Participant: 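Structure incoming, see below.
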Amino acid sequence: QVQLVESGGRAVQAGGSLRLSCAASGGTYNSICMGWFRQVPGKEREGVATIHTGDGGTYYADSVKGRFTVSQGSDKNTVYLQMNDLKPEDTAMYYCAADPNRWVCPLIETMRLTSNFWGQGTQVTVSS
């Protein structure tokens, strides 16, 4: 079992920056794919970015490419999402997900549908 705890969300003005953290615990895996997703009320959860803790490979949704950066801590138990140049449309609950024992990260849409491990979310609100 993997437990995930997100933190770092808050209200910020457009153009500002935030860094979200996702702390993972429980289980020992050789490789794990970690993902960031976001959801606004009434809409489906959408993928934002993924990172593979083994090879460091990353993927970004087009909507955040060039503005967001996903990274992992040196202990590989924490994953970060650095968000720059925030826009009001980035307002959402941000969730961390884990997909263990993956030698490569799946398509982010696949991860959204199949990941069994999710955090409780952290709210990001961007005002114009």
Side-chain angles (χ1 to χ4, degrees):
Q1 291 286 342
V2 178
Q3 290 81 46
L4 304 171
V5 178
E6 303 97 332
S7 61
R10 63 176 176 87
V12 65
Q13 289 193 328
S17 298
L18 282 177
R19 189 175 81 157
L20 305 183
S21 299
C22 173
S25 61
T28 302
Y29 302 98
N30 291 326
S31 57
I32 188 168
C33 182
M34 302 291 292
W36 284 99
F37 297 79
R38 64 188 183 186
Q39 189 171 23
V40 297
K43 291 190 176 181
E44 282 193 344
R45 191 169 296 185
E46 66 168 344
V48 174
T50 61
I51 183 168
H52 193 274
T53 62
D55 63 14
T58 58
Y59 166 86
Y60 297 93
D62 288 342
S63 58
V64 305
K65 203 172 293 183
R67 300 187 298 122
F68 291 11
T69 303
V70 60
S71 63
Q72 57 182 325
S74 56
D75 62 0
K76 299 189 177 181
N77 289 329
T78 304
V79 173
Y80 303 100
L81 184 68
Q82 178 67 42
M83 306 187 293
N84 298 328
D85 189 24
L86 283 161
K87 304 176 181 181
E89 51 263 42
D90 295 317
T91 295
M93 184 72 79
Y94 282 72
Y95 297 90
C96 177
D99 200 348
N101 292 326
R102 286 275 194 174
W103 293 112
V104 294
C105 281
L107 295 175
I108 199 165
E109 178 62 12
T110 299
M111 189 172 180
R112 181 181 75 84
L113 295 172
T114 62
S115 288
N116 292 322
F117 304 108
W118 293 86
Q120 82 290 347
T122 186
Q123 178 69 38
V124 172
T125 303
V126 184
S127 59
S128 57

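Given the structure is predicted, the values throughout are model-derived calculations rather than measurements.
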Participant: Enumerate the residue pairs fulfilling salt bridge (Lys or Arg N to Asp or Glu O under 4.0 Å) with a member in residues 112-128, sequence neighbours excluded, ordered by first and then second residue.
Facilitator: E44-R112, E109-R112
Participant: Heavy atoms, side chains only, cut-off 4.5 Å: are P106 and D99 in contact?
Facilitator: yes
Participant: Closest heavy-atom contact between P88 and S128?
Facilitator: CG-CB, 3.9 Å
Participant: Applying salt bridge (Lys or Arg N to Asp or Glu O under 4.0 Å), name anything that partners K43, two or more places apart in sequence or on another chain.
Facilitator: none
Participant: Is the side chain of S21 donor-acceptor paired with the backbone N or O of S7 at a distance under 3.5 Å, no angle test?
Facilitator: no
Participant: Which pairs with one or both residues in residues 75-86 pass side-chain hydrogen bond (donor to acceptor under 3.5 Å, both in side chains), sequence neighbours excluded?
Facilitator: S17-N84, Q82-N84
Participant: Show, in sequence, the C-alpha distance, side-chain angles and deciding distance for C105 and M111, and conclude whether the side-chain contact (heavy atoms from CB on, under 4.5 Å) test is met.
Facilitator: CA-CA 8 Å; C105 281; M111 189 172 180; 5.5 Å; no
Participant: Give a yes or no answer on whether the side chain of H52 reaches the backbone of T58 with a donor-acceptor pair at less than 3.5 Å.
Facilitator: no
Participant: Identify the two heavy atoms, one from P100 and one from V2, that lie closest to each other, and give their separation to 0.1 Å.
Facilitator: CG-CG2, 4.1 Å
Participant: Do I51 and L81 sit in one hydrophobic cluster, given that two such residues count as connected whenever their side-chain heavy atoms are within less than 4.5 Å of each other, even indirectly?
Facilitator: yes
Participant: List for me each residue that meets ring-ring contact (aromatic ring centres under 6.0 Å, His included) alongside F37, sequence neighbours excluded, and say none if there are none.
Facilitator: W118
Participant: Are L20 and L86 grouped together when hydrophobic residues (ILVMFWY) are joined by side-chain heavy atoms under 4.5 angstrom apart?
Facilitator: yes
Participant: Could you check whether any side-chain N or O of R102 sits under 3.5 Å from a backbone N or O of A98, counting only pairs where one atom can act as donor and the other as acceptor?
Facilitator: no
Participant: Which atom names give the shortest non-hydrogen contact between M34 and A24, and what distance separates them?
Facilitator: CE-CB, 4.4 Å
Participant: If I compare all heavy atoms of G121 with all of M93, which pair ends up nearest, and what's the gap?
Facilitator: C-SD, 3.7 Å
Participant: Is there a side-chain contact between Y60 and T69, using heavy atoms and a 4.5 Å cut-off?
Facilitator: yes
Participant: How many angstroms lie between CG in D55 and CH2 in W103, if you round to the nearest 0.5 Å?
Facilitator: 10.5 Å
Participant: Below 4.5 Å, heavy atoms only, C-beta onward: do F117 and Q1 meet side chain to side chain?
Facilitator: yes
Participant: Do the side chains of V124 and V48 join up, straight or via other hydrophobic residues, at under 4.5 Å, putting them in one cluster?
Facilitator: yes
Participant: Counting N and O atoms only, with roles assigned by atom type, does the side chain of E6 sit under 3.5 Å from a partner on the main chain of C96, one being a donor and the other an acceptor?
Facilitator: yes
Participant: Which pairs pass salt bridge (Lys or Arg N to Asp or Glu O under 4.0 Å) with one or both residues in residues 119-128, sequence neighbours excluded?
Facilitator: none
Participant: Give a yes or no on whether Q39 atom CD has more than 12 heavy-atom contacts from other residues, nucleotides or ligands under 6.0 Å away.
Facilitator: yes
Participant: Between C33 and T50, which heavy-atom pair has the shortest distance, and what is it?
Facilitator: SG-CB, 4.2 Å
Participant: May I ask you to test the V5-Q120 pair for a side-chain heavy-atom distance under 4.5 Å?
Facilitator: yes
Participant: Can you list every pair that meets salt bridge (Lys or Arg N to Asp or Glu O under 4.0 Å) and has a residue in residues 119-128, with sequence neighbours left out?
Facilitator: none
Participant: Would you say that V79 contacts V70 through its side chain, given a criterion of any heavy-atom pair below 4.5 Å between the two side chains?
Facilitator: yes
Participant: Do Q123 and Y94 come close enough that some side-chain heavy atom pair is under 4.5 Å?
Facilitator: no
Participant: Does Y95 share a hydrophobic cluster with F68, counting links as ILVMFWY side-chain heavy atoms below 4.5 Å and allowing steps through other members?
Facilitator: no
Participant: Work out which heavy atom in G9 is nearest to a heavy atom in T122; give both atom names and the distance.
Facilitator: N-OG1, 3.0 Å
Participant: Is W36 reachable from V126 through a run of I, L, V, M, F, W or Y residues, each pair having side-chain heavy atoms under 4.5 Å apart?
Facilitator: yes
Participant: Could you check whether any side-chain heavy atom of D90 comes within less than 4.5 Å of a side-chain heavy atom of R38, counting everything from C-beta outward?
Facilitator: yes
Participant: Measuring only between side-chain heavy atoms, which start at C-beta, is L18 closer than 4.5 Å to R10?
Facilitator: yes
